[in-house]
Each structure stands twice: as structure tokens, then as C-alpha cells.
Protein chains: 2
Amino acid sequence: MPDHTPTPDTGGDYNPRDYPAVAVTVDIVMFTIVDAELKVLLIQRGTPPFLGQWALPGGFIHPDEDLADAARRELAEETGIHQDPGHLEQFGSYGDPDRDPRMRVVTVGFWAIVSDLPTPAGGSDARNAELVAVSEVESGRIRLAFDHATILADALETARSKLESTTLAAAFCGPEFTVSDLRKVYDAVWNTELDAGNFQRKVTKSKGFIEPVEMPPARHGDKGGRPASLWTPGPAETLSPPISRPIEDQSPPS
Amino acid sequence: MPDHTPTPDTGGDYNPRDYPAVAVTVDIVMFTIVDAELKVLLIQRGTPPFLGQWALPGGFIHPDEDLADAARRELAEETGIHQDPGHLEQFGSYGDPDRDPRMRVVTVGFWAIVSDLPTPAGGSDARNAELVAVSEVESGRIRLAFDHATILADALETARSKLESTTLAAAFCGPEFTVSDLRKVYDAVWNTELDAGNFQRKVTKSKGFIEPVEMPPARHGDKGGRPASLWTPGPAETLSPPISRPIEDQSPPS
DNA sequence: CCAAAAGTGTTTCCTTTACACCCATGC
DNA sequence: GCATGGGTGTAAAGGAAACACTTTTGG
């Protein structure tokens, strides 16, 4: 593409001075669910600017790696999570000239889903990586560095929307889960309380979403109740018909 | 973000050698509709590699402009279209290390909608910019340079999906249009033949999508028929409920 | 026994779909 | 008149929402 610009063409060879100095980074918005609450992985900055403030994990792309590979690598390097995410996908790029006060940085935002965080990532060698409730950021109680609040908001909307039309909700669960577990994923991401009965039908009738596990219905709840049967993710990636989130209550409180 | 990497922190100052040499470009997928057919604006390359082949318009971002500004500028510079697009939005970034044989280029893909192309962009000072039927590219009859076929395919899927849930279809029409015009937009983008009656109701009952023009119902068709009333785009940006595209016929021909 | 969670049935309502039908124009 | 496209009516089918009800466990 360089020769799309009005600058004279050099015939295939390019001098670095022909194009402006830009750095490209990836930033990762990694979601997981703990205790039926949606969490995002943040790190605490150890250097200025925004020293001490929360930020998304991320970093430079390397010369020979694709964007998604860079995201996977940075996620592992910065948070000590070496488990492969159940899902990793880009959702947008951010290139405001002033978004980083030090230099021109264009960043590509990725969002990821991880289930069953092995080490709860509370510190240890994971340098200050922590799972923070998304509500803490959405409510403004936690401020993020750079334009990371915008990036997180976009990732959230992407994730909420994707749960409607794809089977990605299952990526929040382990390899085996109950329909209740899956419903709690939707409730956590959407801030809803879906009807248990209707959800059961929708999800079990949707072909390829989840498949039954042939097993004695083991899992018991905490406080009694009929034991639920177990399911695993099915082969489908998209949901038709979709599971649509309830329209948000947009009437002002009386 | 630079100090997210394991490299030692330099305290706020950055040497260009600290990060790999990358160029950032934007590529634009500009859609319009001519004679009820979906077209995309392509340029013919005048330099190697891919000399003479079709490609998407695009180019380097400038030091002080946002990504969307760069897309607008490149669209104007490369195609002579100085009209503001009715819509311009990014849909993905592409950073495969080998996507440009000359150097590392990360490109941000934008898609745009333009209505009523003033000069049909057939040549003149617009250097070899042409409107090409999307079907020519989808069918493989036209090959695109670099990974532009992938980029175009992603833009197409984005556009097709956005027509379901947003009011963007109106951006393909002029300031005044008939319901039929709007339906032909959907038919062109989706390769469908929507039921005229049902479409009429859906679209006129959807609040904020289109609004009636108080005017003598002027527009006549070519071959007679009751004259249609005119409408303008309404204030809404999203459609609820959405206009869902029919499920694609996925049965093999007998 | 009761509480609690899993799962099914049922009723009501609304949307979608197909298609018949009328309306208003050019020829 | 006839053809053509604009717009409305209508009936059948399907899905969603609310909620009663049964099942199976823990205590």
C-alpha cells in the first residue's frame, strides 16, 4: 500500500523515512467469571505515565508475529496465564494521535475468554495482575490509564452482543457444565436474571450449542435441589435463532 | 503501553529502536449501489508488486490524524470523491507479517457507504478508480492484490450484518427515497428478493427509521405503477426489532 | 416434613410469512 | 382496457414471555 500515497514510487524498495514513525501494540481485554460475577484482568502500572493506575495488559507486536499471536504472547507474559484462552478475537483499533502522551501508538484491541483460572492471578510472579469486577470500572470507581476505559467499553459491548448470536458463552464454562452454569454466564455478562425454565428449553433445543454428557448426574448444589445433568460445548459456533438480551429498561426512575 | 513489555523501562522517553519498524495504513472498502447492484470502489495498481491488479484504495496514516481521518483523506485523494461518505467505520485490522512482501504493514480496514456518486468515477483525474460489481470479486472473476480479497469479504459480512440491526441502509439512498428504493438496497446487499408488502410494513412501523416527506407524491416509475411516497432518514441509528436476512439456502442443488 | 434447584407444560401474545387483494398510475 | 408497481388485509405458523407445576435432592 505504500505506493497508494502521492509520494513518488520507489519501485519496491522502501526507506523508513518514507513513512511516519508509528508503534503498533495489542491490548487485551480478558474476561472470566468468578462467583457469578464478570471480571476483567487488569495490571497495575509500574511506570509513568499513569503510574500506579490500572490498565489493560498489552505490548508491542514483534516483527514476525501476527496480531493474534502477539495478543496471546502478551497475555501470557504479562499475567502469567499460560493457559490458552477459550476465545481470542480482535474487536477494534485505536489510533488517536494523543492517546499515548509519549509517542504515536496504534493499538489493536483483543478480547478473550478464559474459564477456570488456575492460579487466581492474585499476585505471585504475575506482576500485579488482578481480576477486577467489570462493574467497578463501569461505575467509574476504578479509572483506567490511557483510553483503556473506551477500549474496555467497546470490548464489553462486543462480548454482550456476541453472546446473542454465537455459542461463546460456553467458553466461560469448563469442559463440563450445567444449564444453570451457562445461564449464570448470561446473567453475569448481561446483568440480567433470565427465566430458568425458558432458558433451559432455548439452549437445549438449539442444535449444536450444547451436548449431553452420558454420566450419573453428579453435581449437587450447595443448598439442596434436584441435581442437574452435565453438558459439553457442541460443534456449532453460531446460534440460530439467537438468544436475545432483554431490552434495557430505559424508563427513568419515578 | 510500551512499558508493558519486559524491556527495561526508560522513564518516559522512547528510542525508535526500542520498537520494531512497522507502517500503519488504512484501506477503504467503499460501497455504493448502481442500478440495483452493489458496487465497490477499486483502483488499478500502477506499481509493483501486483502491478495492474485491482486493489482497495488506502495509504499511510499521517502523524497527526486519527484513523478515521486518514481513511477519509485517502478516499478523497485516491478516488477524487470529495463528497463525505454517508457512513465510515472500521471493521478490522490486518497484520500478517507477510501480507505485504516489501515491509511490515499493519492496515486498518474501513468500510464506507456513499450514495449518488457525483462523477461515476470512471477515470478522469481519479486515477483509475472504478466501481466494480461486488459479485465480480466474490465469484473470483476479479482477483485483488495483497490480502484485499479477505479484507473485502470481511467488510461485506460486516455490511450485511449491519443492515439487520442498524438504519444504515438509508445511507445508500439520497436524502429522499421511496420504500422501494430502500428495499432494493437490502436486495442488492443481501442478494435477496424481499417481499414488498411485508417490507413496507416493517420499515414504516419501525420508529425512527424513516420519516414521511410532506409532498405531492412526485416520483414515477419507468413503466407506470402507482406513484410512491417519499421518505427521509429518521433519527434512529439502531433497529429494534431488527430486519433479519432470510436464512441462506444451504441445501445442495439436486 | 420443607426449602431449593432442575426441568416440563401450558397459556397468551406477538412477530413473521405467504399471498390475496385493492389502489393509482403509464401506455 | 392492461401492465406495473405501491400499499393494505388477513390467516396460518412459529417463537417468546410469564408462570404454574412436577421432579429430585439436602436438611
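All heavy atoms count here, side chains included; hydrogens, waters and symmetry mates do not. Numbers restart at 1 for each chain; the letters A, B, ... are given by sequence-line order, proteins then strands.
The NZ-C1' distance, from B/K184 to D/dT4, rounds to 11 Å in whole Å. Put simply, CZ on B/F199 is 13 Å from C1' on D/dG7, counting in whole angstrom units. A straight line from CZ of B/R245 to C1' of C/dT16 spans 18 Å, rounded to a whole angstrom. Atoms CD (A/E193) and P (D/dA18) sit 13 Å apart, rounded to a whole Å. Remark: P of D/dG6 and CD1 of B/I210 are 13 Å apart, rounded to the nearest angstrom. Here C/dG7 presents its C1' atom at 15 Å from CG of A/L182, a figure rounded to the nearest Å. With rounding to whole Å, B/L194 atom CG is found 15 Å from C/dC19 atom P. Straight-line distance from the CZ atom of A/R226 to the C1' atom of D/dT24: 6 Å, rounded to whole Å.
For B/P235, the side-chain contact (heavy atoms from CB on, under 4.5 Å) test picks out B/E211, with sequence neighbours left out. B/E176 pairs by the salt bridge (charged side-chain N to carboxylate O under 4.0 Å, His left out) definition with nothing, not counting sequence neighbours. In this structure, the side-chain contact (heavy atoms from CB on, under 4.5 Å) partners of A/A112, at least two apart in sequence or on a different chain, are A/I28, A/M30, A/P85, A/L88.
An OP1 or OP2 oxygen of C/dA6 is reached within less than 4.0 angstrom by no side-chain nitrogen or oxygen of A/Q200. Taking side-chain N and O atoms only, A/T204 has no distance below 4.0 Å to OP1 or OP2 of C/dG7. The side chain of B/S180 places an N or O atom within less than 4.0 Å of a non-bridging phosphate oxygen (OP1 or OP2) of D/dG6.
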Could you run down the sub-3.5 Å N/O contacts of the protein with nucleotides 14-17 of chain D?
from, atom 1, to, atom 2, distance (Å)
D/dA17, OP2, A/K202, NZ, 3.3

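The stretch residues 234-243 of chain A participates, sequence neighbours left out, in no side chain to side chain donor-acceptor pair (under 3.5 Å) pair at all. For residues 163-175 of chain A, the pairs satisfying salt bridge (Lys or Arg N to Asp or Glu O under 4.0 Å) are A/E164-A/R245, with sequence neighbours left out.
Defined by atom type and a distance below 3.5 Å, a donor-acceptor pair is present between the side-chain atoms of A/D154 and A/Y94.
Residue B/D195 has its side chain nearest to C/dC19 when only C/dC19, C/dG7, D/dG6 are considered.
B/Y186 and B/W190 have perpendicular rings, their planes meeting at more than 60° on a 0 to 90° scale where under 30° would count as parallel.
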